[in-house]
Amino acid sequence: MMRLTYDHYYGYDELTQALQAMTVDHAGLAVLSSIGKSNQGRDIWCVTLTNQATGEAGNKPAMYIDANHHAGELVGSMVALYTVDYLLSNYGACPRVTRLLDTTAFYVIPRVTPDGAEHYLTTPDSLRSVPRHYPFLDWEEREGLRPEDIDGDGQILLMRVKDPAGEWKASALDPRAMAVRRPDEHGGEYYRLFPEGRIHEFDGIAVKAAPARYGIDLNRNYPNDWVVEAQQAGSGPHPLSEAESRAMAAFVTAHINIAAGITHHTSGGALLLIPGSRDPRSMPAGDMEALKLLAGVGSELTGFPAIGLFDGFHVDKGKFNRGAYDEWLYLHRGIISFTSELWNLAVRAGVKVWPRVAKTHEEQEQDFVKMLQWTDQELQGTAFERWRPFDHPQLGPVEIGGWKAKWYIQNAPPRFLAAECHKLTQWELAVADTLPHLSLRDLTVRAVPGTTDLYQVSCGVYSTGYLPTSGSDYARDIKLPIPFTVQLETAAGAAEIIGPAKHELTHLPGRCGAGGLFMGYAPGPRTPREVKASWVVRAPAGTKAQIVAATPRAGTARIELTLG
């Protein structure tokens with residue numbers, strides 16, 4: 001049996017081998033499948049987890065987890081892998097894990113952009129999502145400074161260039177840090193700051209920024225509120241223009257049993273609450289309560305604050321990200337969903353990050369130095385490359401240095417990775433424990449007076465989950481086609497059911513929104529979380545039958561009965 005370690009970030013081949021080994025070792029609990037191919041032909045893997053002896057995954061309510069919409073945000077990918085490992089390793093030993101896999105399905109997609117992640121892992125480059133030229137197909141002809149590892153040390157850092165007109169100076173608090181030059185300041189040593197790189201079509205004077213080589217952002221490529229590139233950077237030529245986003249949308253649309261989801265990102269150190277494109281007060285109150293309370297549980301388990309996308313994520317109020325995946329899950333598919341922003345070095349260093357507010361230059365300088373001091377103590381100063389001289393082929397003498405951002409800022413250093421994975425997995429399980437589940441109770445079978453073969457059958461159909469049987473109130477409001485039926489079944493020809501055998505039911509609310517302050521007296525009537533289903537059946541005494549209630553996001557419930 002393969003034992004996984006969480007002390008480094010997995011490339012595509014190692015990730016694939018790990019997923020294959022786990023699913024082979026736990027064949028009754030896990031199935032590995034490809035939901036589609038990336039632009040470069042790599043499989044986008046999905047692990048389906050459930051105890052197949054208690055029913056197929058498609059007949060159970062499902063928890064959905066993904067990561068790595070953005071190429072360099074690898075912590076989420078490792079969280080997803082850890083989740084699969086944790087569930088499989090603890091089945092039969094942990095009561096919670098055992099109950100969840102017996103009653104619930106998990107769909108886990110660890111790496112949405114395998115091409116982008118592989119490029120990020122195997123080159124010095126950073127990129128947003130996929131290694132495809134956009135929006136400039138003629139990028140090779142575009143002039144400007146292009147990020148490049150010009151000194152050959154395997155990383156792309158910063159360059160500082162002495163210039164009497166420079167905007168920056170070395171900080172008096174720590175010479176590694178750069179401080180903004182005061183408006184009235186003269187007579188010192190000043191610098192210009194640029195990404196490490198080479199200037200294409202350099203005229204010997206002006207240092208212009210080249211456009212991004214790989215500008216596609218998969219998390220802006222979904223249909224909700226999508227707009228063109230000029231209004232939303234990275235949106236793509238049209239919604240779902242990318243192989244990866246199309247595969248994701250097709251998968252979710254085909255799996256209507258998904259009732260809740262978490263999509264993992266880095267590196268804000270926060271749990272983000274939809275909606276971001278509209279005032280939460282305009283959305284169903286029950287859903288907004290569920291989001292708030294479940295994020296609160298997440299905050300307790302992870303230490304990350306819960307931040308509303310609409311009014312807390314951006315410094316500029318009213319700004320929001322169009323075409324984002326978490327909102328597509330909710331607004332188009334009615335799925336209660338969250339975005340986690342994993343890891344944040346600044347927060348670890350004691351810098352106040354949330355709520356986001358504009359800071360003065362002096363405050364930013366102090367924050368920077370605080371981060372340096374923390375990494376000196378906790379990481380022996382390895383996170384920041386000290387400034388060192390380099391003879392640039394175009395600019396002459398420069399200094400290269402700065403944060404090793406890929407492995408310290410954007411992703412957790414390996415020392416912290418396993419703990420980051422564990423606490424997020426616990427929140428995922430907590431969210432999965434809120435999914436709706438059906439149960440059948442209060443069965444009655446009564447002979448109709450004056451008859452010998454006529455029976456009245458009834459039972460109660462109950463919702464036992466926190467979320468509604470539709471997964472969300474919004475799914476119900478937009479009339480998402482989620483069938484909910486209860487049916488009396490007998491062997492062919494064994495009985496005559498007078499009237500319809502199958503009833504269409506209205507979706508039942510969950511416990512969400514049913515609480516409130518206890519004031520010592522009974523609250524007023526609330527929407528019931530149960531419904532009575534009845535049939536009249538003509539059959540000989542002793543005839544066997546069963547009642548089956550089913551809806552994709554709350555699963556299937558059965559109860560056996562005998563007439564007479």
Side-chain angles (χ1 to χ4, degrees), residues 8-20 32-47 65-81 84 107-140 146-149 154-156 210-222 226 229 232-252 263-267 323-325 328 339 342 405-407 410-411:
H8 66 287
Y9 292 98
Y10 288 25
Y12 179 76
D13 289 343
E14 187 178 10
L15 177 67
T16 298
Q17 290 165 9
L19 296 174
Q20 290 173 338
L32 181 64
S33 61
S34 173
I35 70 166
K37 297 281 190 180
S38 69
N39 189 55
Q40 294 179 358
R42 293 182 177 90
D43 285 299
I44 303 170
W45 295 119
C46 174
V47 182
I65 298 159
D66 77 48
N68 245 163
H69 261 87
H70 293 144
E73 298 178 3
L74 297 163
V75 181
S77 204
M78 298 304 292
V79 168
L81 183 66
V84 175
Y107 300 121
V108 182
I109 300 173
R111 188 156 289 171
V112 175
T113 175
D115 297 347
E118 200 69 4
H119 189 90
Y120 185 93
L121 282 162
T122 59
T123 75
D125 295 346
S126 294
L127 68 162
R128 189 58 166 164
S129 286
V130 294
R132 182 166 81 83
H133 285 188
Y134 176 85
F136 301 105
L137 302 183
D138 62 344
W139 181 86
E140 298 291 352
R146 300 175 177 179
E148 181 185 335
D149 174 23
Q155 54 194 343
I156 297 174
R213 184 177 187 180
Y214 305 126
I216 288 285
D217 187 338
L218 292 178
N219 202 34
R220 306 292 182 266
N221 191 231
Y222 290 91
W226 184 92
E229 171 74 15
Q232 173 66 75
S235 62
H238 56 80
L240 304 180
S241 61
E242 306 309 299
E244 295 84 355
S245 56
R246 286 197 303 277
M248 297 291 287
F251 178 85
V252 170
T263 179
H264 290 305
H265 290 254
T266 64
S267 53
Y325 186 62
W328 177 79
T339 290
L342 306 169
K406 290 175 74 166
W407 310 118
Q410 190 168 25
N411 291 291

Hey, could you give me the [atom1]/[atom2] distance between [X] and [Y], rounded to the nearest 0.5 Å?
| X | Y | atom1 | atom2 | value |
| --- | --- | --- | --- | --- |
| Ser235 | Glu229 | OG | CD | 5.0 Å |
| Leu15 | Leu74 | CG | CG | 10.0 Å |
| His264 | Ile109 | NE2 | CD1 | 12.0 Å |

Residues passing the side chain to side chain contact (heavy atoms under 4.5 Å, CB included) test with Asp43, sequence neighbours excluded, are Tyr12, Ser34, Lys37, Trp45
Before giving the answer on side-chain contact (heavy atoms from CB on, under 4.5 Å), spell out for Ile44 and Phe251 the whole-Å C-alpha distance, their side-chain angles and the decisive distance to 0.1 Å. CA-CA 11 Å; Ile44 303 170; Phe251 178 85; over 6 Å; no
For the student: nearest non-hydrogen atoms of [X] and [Y], plus distance:
| X | Y | answer |
| --- | --- | --- |
| Asp149 | Gln155 | OD1-O, 3.1 Å |
| Trp226 | Gly236 | CZ2-O, 3.0 Å |
| Arg132 | Tyr214 | N-CD2, 3.3 Å |
| Pro147 | Ile156 | C-CD1, 4.0 Å |
| Tyr10 | Ala18 | CE2-CB, 4.2 Å |
| Asn39 | Ala243 | N-CB, 4.1 Å |

Given His69 and Arg128, is the side-chain contact (heavy atoms from CB on, under 4.5 Å) satisfied, shown in steps? CA-CA 9 Å; His69 261 87; Arg128 189 58 166 164; over 6 Å; no
Determine yes or no for a side-chain-to-main-chain donor-acceptor pair under 3.5 angstrom, with [X] supplying the side chain and [Y] the backbone.
| X | Y | result |
| --- | --- | --- |
| Ser267 | Asn411 | no |
| Thr266 | Leu342 | no |
| Arg146 | Glu140 | yes |
| Asp125 | Glu148 | no |
| Ser129 | Leu218 | yes |
| Asn68 | Pro114 | no |

Heavy-atom distance under 4.5 Å between the side chains of [X] and [Y], does that happen here?
| X | Y | answer |
| --- | --- | --- |
| Tyr222 | Leu240 | yes |
| Gln410 | Tyr120 | yes |
| Asp115 | Val130 | no |
| Met78 | His8 | no |
| Leu127 | Ile216 | no |

Whether the His70 and Asp217 side chains hold a donor-acceptor pair (N or O, under 3.5 Å, no angle test) is what I'd like checked. yes
Residue pair Tyr134 / Glu242, side-chain donor-acceptor N/O under 3.5 Å: no
Test Val75 against Tyr9 for side-chain contact (heavy atoms from CB on, under 4.5 Å), laying out the working first. CA-CA 8 Å; Val75 181; Tyr9 292 98; 3.4 Å; yes
With ring pair (Phe, Tyr, Trp, His ring centres under 6.0 Å) as the test, would you mind laying out the steps for His265 and Tyr325 before giving the verdict? CA-CA 11 Å; His265 290 254; Tyr325 186 62; 8.7 Å; no
Can you list every pair that meets salt bridge (Lys or Arg N to Asp or Glu O under 4.0 Å) and has a residue in residues 8-20, with sequence neighbours left out? none
What's the verdict on side-chain hydrogen bond (donor to acceptor under 3.5 Å, both in side chains) for Thr263 and Asp66, showing C-alpha distance, side-chain angles and the deciding distance? CA-CA 5 Å; Thr263 179; Asp66 77 48; 2.6 Å; yes
Could you walk me through whether Glu244 and Arg111 pass salt bridge (Lys or Arg N to Asp or Glu O under 4.0 Å), step by step? CA-CA 10 Å; Glu244 295 84 355; Arg111 188 156 289 171; over 6 Å; no
